[in-house]
Colleague: 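Encoded as structure tokens, here's the structure I'll be asking about.
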Amino acid sequence: MGKARELFSRLGNMDMTNGRLFWKLGVFALPYALTTMMQLLYTTVDLISVRFGESGDAAASISANGALINLIIVLFNNIALGSNVLLANSKGANDREKGMKVLHTSLLFALFAGIAVGIIGFFLAPELLKVMNTSEHLILNATDYLRVYFMGLPFLMLYNYCANMLRAQGDTRSPFLILAVSGLINVGFDLLFVFPLQMGVRGVGFATVISEAVSATLGILTFRFKKESFVRLEPRLLRIDGATLKEILKIGIPAGLQGFFFSLPNVFLQAKLYTIDPTNDALENGAIASGNVESYT
């Protein structure tokens, strides 16, 4: 038990530049994989909540967004790899000044890009769902859920950048713990909004946004107050450095596009293979034909 506790403690600041890497790689990667799985399962938690608290149509409306939301998460998580690589290089070179530029530039870029893409997605939500061949009787609820999800995109972006920059310092423990806390909050608000308040599809969407806001806030606070962090958040230094941003995007955009085109077929497969017929007995019994679970594999 003591050894396990010591190992978990090391995950908070693992030095990947010294010592044997064989065991470190596995220990470092495990929380990373679990964190990604938890983030992708947010929509599944929403789906289960409305399945028991609402109609089959409400659950099907969330399922209709599954592949598209998976695509959004993969795209922006991969773009954040640009900050991960640059900050890791800065730590390896012990260049704290460059690392501070990466941190502050990344956080501001994540916020502004999240707001911009969130606004665009909010207004384009119905068209995106039509491209995915979403059934007409589901469009209204599916649009409500997707629009609420896009409202939380700035928080999603901030968390992804914080998580990637924490990992760049050898810390996979903090992103995992942050997402575990926000995941529990998501479940709690799902139950509150669906059952007592009966907010339906919008309710589970807002529960996801709240949990993403918590994860983004915790990520920022970690950089602000974690003493052993290689770089620390200083509000007075918050500005976008043009040269640093160019380097981040030079690495991040190709990685984002790679993830985007890898996940894009899931969107079209869902559009072609998972059409829901309102007259189908399976729908009436709550059995939802969707690509949501498959998109997470």
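Numbers for residues simply follow the sequence, beginning at 1.
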Colleague: Does Gln258, at its CD atom, have more than 12 non-hydrogen atoms belonging to other residues, nucleotides or ligands within less than 6.0 Å?
Modeller: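 Counting neighbours around CD of Gln258, 12 or fewer heavy atoms of other residues, nucleotides or ligands fall under 6.0 Å, so no.
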Colleague: Please determine whether side-chain contact (heavy atoms from CB on, under 4.5 Å) holds for the pair Tyr159 and Thr217, giving the CA-CA distance in whole Å, both sets of side-chain angles, and the decisive distance to 0.1 Å.
Modeller: CA-CA 8 Å; Tyr159 168 77; Thr217 302; over 6 Å; no
Colleague: Has His104 got a side-chain atom pairing as donor or acceptor with Glu234's backbone, closer than 3.5 angstrom?
Modeller: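 Yes: the side chain of His104 pairs with the backbone of Glu234.
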Colleague: Same hydrophobic cluster for Phe112 and Phe123, using side-chain heavy-atom links shorter than 4.5 Å among ILVMFWY?
Modeller: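 Yes, same cluster.
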Colleague: Identify whether Leu184 and Phe189 are in the same connected component of the hydrophobic contact network (ILVMFWY, side-chain heavy atoms under 4.5 Å).
Modeller: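 No, Leu184 and Phe189 fall in different hydrophobic clusters.
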Colleague: In the single-linkage hydrophobic clustering (I, L, V, M, F, W, Y; side-chain heavy atoms under 4.5 Å), do Leu177 and Leu221 co-cluster?
Modeller: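 No, Leu177 does not connect to Leu221 through the hydrophobic network.
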Colleague: Short question: side chain of Arg167, backbone of Thr172 - any donor-acceptor pair under 3.5 Å?
Modeller: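 Flag not set: sc Arg167 to bb Thr172 has no pair under 3.5 Å.
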Colleague: Identify whether Val201 and Phe195 are in the same connected component of the hydrophobic contact network (ILVMFWY, side-chain heavy atoms under 4.5 Å).
Modeller: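 Same cluster.
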Colleague: Please tell me whether Asp95 and Asn89 have a donor and an acceptor in their side chains that are separated by less than 3.5 angstrom.
Modeller: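 Asp95 vs Asn89: no donor-acceptor pair found between side chains.
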Colleague: For Ser182 versus Ser215, what's the shortest heavy-atom pair and its separation?
Modeller: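 Closest pair (atom of Ser182, atom of Ser215, distance): OG-CB, 3.7 Å.
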Colleague: Considering all heavy atoms of both residues, which atom of Leu249 and which atom of Pro254 are nearest to each other, and what is their separation?
Modeller: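 Looking at all heavy atoms of both residues, the shortest contact is O-CD, 3.7 Å.
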Colleague: Indicate the atoms forming the closest heavy-atom contact of Val148 with Gly205, along with that distance.
Modeller: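 Taking every non-hydrogen atom into account, CG1-C, 3.2 Å.
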Colleague: Determine whether Arg239 and Lys101 satisfy the following criterion, side-chain contact (heavy atoms from CB on, under 4.5 Å), listing intermediate values before the conclusion.
Modeller: CA-CA 8 Å; Arg239 64 178 62 89; Lys101 288 181 179 180; over 6 Å; no
Colleague: Should the pair Lys98-Glu247 be classified as a salt bridge under the 4.0 Å nitrogen-to-oxygen rule?
Modeller: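 Counted as a salt bridge, because a side-chain N and a carboxylate O are separated by less than 4.0 Å.
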Colleague: Any idea which heavy atoms bring Gly256 and Ile79 closest together, and the distance?
Modeller: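 Here Gly256 and Ile79 meet closest at CA-CG1, 3.8 Å.
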Colleague: Can you find a pair of side-chain heavy atoms, one from Val204 and one from Asn186, that are under 4.5 Å apart?
Modeller: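 With C-beta onward as the side chain, the pair stays apart.
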Colleague: Can you tell me if Asn164 uses its side chain to pair, donor with acceptor, with the backbone of Asn160 under 3.5 Å?
Modeller: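 Checking the backbone N and O of Asn160 against the side chain of Asn164, a donor-acceptor pair under 3.5 Å is found.
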Colleague: May I ask you to test the Met100-Ser90 pair for a side-chain heavy-atom distance under 4.5 Å?
Modeller: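 Not touching, per the 4.5 Å side-chain cut-off.
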Colleague: Do Leu128 and Phe150 touch side chain to side chain, with heavy atoms closer than 4.5 Å?
Modeller: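 With C-beta onward as the side chain, the pair touches.
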Colleague: Distance from Asn78 atom CG to Asn84 atom CG, nearest 0.5 Å?
Modeller: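 Interatomic distance, Asn78 CG to Asn84 CG, rounded to 0.5 Å: 11.0 Å.
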Colleague: Output the distance between atom CG (Leu192) and atom CD1 (Ile185), rounded to the nearest 0.5 Å.
Modeller: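 Rounded to the nearest 0.5 Å, the CG-CD1 separation comes to 12.5 Å.
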Colleague: Can a donor-acceptor pair be found between the side chains of Ser83 and Ser106 at a distance below 3.5 Å?
Modeller: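 Looking only at side-chain atoms, Ser106 and Ser83 do form a donor-acceptor pair, the distance falling under 3.5 Å.
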Colleague: CZ of Arg232 to CG of Leu103: how many Å apart, nearest 0.5 Å?
Modeller: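 Separation between the atoms: 11.0 Å.
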Colleague: So how far is it from Tyr161 OH to Leu108 CG, rounded to the nearest 0.5 Å?
Modeller: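 These two atoms lie 12.0 Å from each other.
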Colleague: With side-chain contact (heavy atoms from CB on, under 4.5 Å) as the criterion, how do Val102 and Val231 come out once you've worked through the C-alpha distance, each side chain's angles and the decisive distance to 0.1 Å?
Modeller: CA-CA 9 Å; Val102 173; Val231 290; over 6 Å; no
Colleague: Using side-chain contact (heavy atoms from CB on, under 4.5 Å), reason through Thr208 and Tyr149 one step at a time and then give a plain yes or no.
Modeller: CA-CA 7 Å; Thr208 297; Tyr149 191 88; 4.1 Å; yes
Colleague: Heavy atoms only: give me the nearest Lys226-Ser174 pair and the separation to one decimal.
Modeller: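 The pair with the smallest heavy-atom distance is NZ-OG, 3.9 Å.
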Colleague: So, taking the atom named OG1 in Thr143 and the one named CG in Leu129, what distance separates them when rounded to the nearest 0.5 Å?
Modeller: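 Going from the OG1 atom of Thr143 to the CG atom of Leu129 covers 5.0 Å.
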Colleague: Between Phe76 and Ile119, is there a shared hydrophobic cluster once you connect ILVMFWY residues whose side-chain heavy atoms come closer than 4.5 Å?
Modeller: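 Looking at the clustering, Ile119 is in the same group as Phe76.
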Colleague: Taking side chain as C-beta onward, heavy atoms only, is Ile220 less than 4.5 Å from Cys162?
Modeller: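 In short, these two side chains touch, coming nearer than 4.5 Å.
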Colleague: If you define the side chain from C-beta out and look only at heavy atoms, does anything of Asp241 sit under 4.5 Å from Leu245?
Modeller: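 No, every pair of side-chain atoms sits at 4.5 Å or beyond.
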Colleague: Would one find more than 12 heavy atoms of other residues, nucleotides or ligands at under 6.0 Å from atom CZ of Arg202?
Modeller: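 Check fails, neighbour count at 12 or below.
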Colleague: I need the Leu124 CG to Arg147 CZ distance, nearest 0.5 Å.
Modeller: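 Leu124 atom CG to Arg147 atom CZ measures 9.5 Å (nearest 0.5 Å).
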Colleague: Would you say the side-chain atoms of Ser229 and Gln169 include a donor-acceptor pair closer than 3.5 Å?
Modeller: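 Yes, because at least one side-chain N or O of Ser229 sits under 3.5 Å from a partner of the opposite role on Gln169.
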